[in-house]
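Naming convention: chains lettered A, B, ... in sequence-line order (proteins, then strands); numbering from 1 in each chain.
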There are 2 protein chains.
Amino acid sequence: MTENSPSADAGPPRPRRSDTTRAAILTAAIARFAADGYERATIRAIARDAGIDPAMVMRYYGSKEGLFRAASEIDLRMPDFAGVRSEEAGEALVRHFLERWEADDSLAAMLRVAMASGLDEGRQQALLERQVGPTVARFCPAPAEVPRRTALIASQIVGMAVLRYLIQVPTVTAMTRDEIVAWLAPTVQRYLTADGP
Amino acid sequence: MTENSPSADAGPPRPRRSDTTRAAILTAAIARFAADGYERATIRAIARDAGIDPAMVMRYYGSKEGLFRAASEIDLRMPDFAGVRSEEAGEALVRHFLERWEADDSLAAMLRVAMASGLDEGRQQALLERQVGPTVARFCPAPAEVPRRTALIASQIVGMAVLRYLIQVPTVTAMTRDEIVAWLAPTVQRYLTADGP
DNA sequence: TAGCGTTGTCAACAAGCGTTGGCCAACAGG
DNA sequence: CCTGTTGGCCAACGCTTGTTGACAACGCTA
């Protein structure tokens, strides 16, 4: 009803003047959710970070949960791994995720909230299947086992992320990225390409 | 000053009439923290579960954070693994943690809150070093690497716990305990006994 | 210029929170 | 018996939260 062309409503909406505000809110929200988790991250604090009024958040995202849903639409940015040999897949995967995790806070935000609240209802599973699944399928010998292998790989990656980026265990944060890759790559490689356990 | 015997105050305090109430509060608190996380678990709800007044929680545990500290003093109940051969250590460790995790909710509570709030300040690290460290040291060839190996093992165990018990990814919850042991045991075994990566 | 939809500000709301202090019943010791 | 301590409930405080609605500036179109 807010659209201007009644015939074709599938076209890309022309840029609005408020897009910068929307983006500012989203950026601040991601950072706050990552730093504080869902409950501690208040709309007022997010609005203050974004330099606008708390009411604007409500106007543009409807509610706090709506804002979070918008803030946690994560893109893992999986490369296509076209030129990667099968024996290098584990290392490539681990390295990609470490870099991705350090690139911005959105992954930490998503993970923090995925654990703190049961609001997910299989969203994380879908995210894994859709984004990581195809990569796993490229290297995995048994197509029927792709979901399980994906989950196993995720367990190792997520566990390392929890210790290094969320809880920030000193021993783990002190390790270099290359050290972590060297240790985890064989694990992921095995989950990826080894025969059944 | 509240003690009755001035000469020896190290003796075990005689049981008080309120011990059952204290225990009820603690049990309810662990369950609520595990289910809802730190912020969503309200003192009022915990008191309701325990069948007492919210004010009692304050009287016995001082504050909500005090209650949480009491509720999250986790005992991993590590066996001594005396009769375990070195090649079986990985499997034994994974199996123990899976059973321990399913035994009661306190581990999930601790992990959930460890991530949801930055209140920890190295408590998790200390917990690992103190409780898991000795077991790792028993099987690890290089004593200097015990902290790092402990952290690596923790990353795999914690990651699996996050997916299976906190987020409850369907693919992971559908796996049997034996399947998970079969997949994770070699990983932990390698972190435990293999030479540097 | 008048009109209208879009941006934004401000003040207030109801609800829920952690926390406090006062009051009463049950018990223990003399 | 009286008295002090302990265990427990109740009502209230101060505060923060998410959310709402009224209202003023802006920009476009006719």
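Distance, A:Ile43 CD1 to C:dC13 C1': 15 Å, rounded to whole Å. Nucleotide C:dG18 holds its P atom 17 Å from the CE atom of B:Met56, rounded to whole Å. Whole-Å rounding puts the A:Arg32 CZ to D:dT17 C1' distance at 15 Å. Spacing between atom CG of A:Asp53 and atom C1' of C:dA11 amounts to 10 Å, rounded to whole angstrom units. The nearest whole Å value for the distance from the CE atom in A:Met58 to the C1' atom in C:dT7 is 17 Å. Distance, A:Arg48 CZ to C:dC10 P: 15 Å, rounded to whole Å. One can place CD of A:Glu65 at 19 Å from P of D:dT17, the figure rounded to the nearest angstrom. Distance CZ (B:Phe68) to P (C:dC17): 19 Å, rounded to an integer number of Å.
B:Arg95 and B:Glu88 are not joined by a salt bridge, as no carboxylate oxygen comes within less than 4.0 angstrom of a charged side-chain nitrogen.
For A:Tyr60, whose side chain is taken as the heavy atoms from C-beta onward, the closest listed nucleotide among D:dT20, C:dT7, C:dT19 is C:dT7. Closest to the side chain of B:Thr42, out of D:dC10, C:dC17, C:dT7, is C:dC17.
At a threshold of 4.5 Å between non-hydrogen side-chain atoms, the residues A:Phe97 and A:Leu76 count as touching.
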Going through the checks in order, is the side chain to side chain contact (heavy atoms under 4.5 Å, CB included) test met by A:Val94 and A:Gln189?
CA-CA 9 Å; A:Val94 175; A:Gln189 184 73 35; over 6 Å; no

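An OP1 or OP2 oxygen of D:dG18 is reached within less than 4.0 angstrom by no side-chain nitrogen or oxygen of A:Ser63. Contact check, A:Thr21 against C:dG8: a side-chain N or O comes under 4.0 Å of OP1 or OP2.
Residues A:Arg190 and B:Thr187 have side chains that bring a donor and an acceptor to within less than 3.5 angstrom of each other. Between the side chains of B:Thr176 and B:Asp178, no donor N or O sits under 3.5 Å from an acceptor N or O.
A:Tyr61 comes within contact range of no nucleotide atom at all, as no heavy-atom separation falls under 4.0 Å.
For the pair A:Ile52 and A:Arg44, both in contact range of DNA chain C, the more 5′-proximal nearest nucleotide belongs to A:Ile52.
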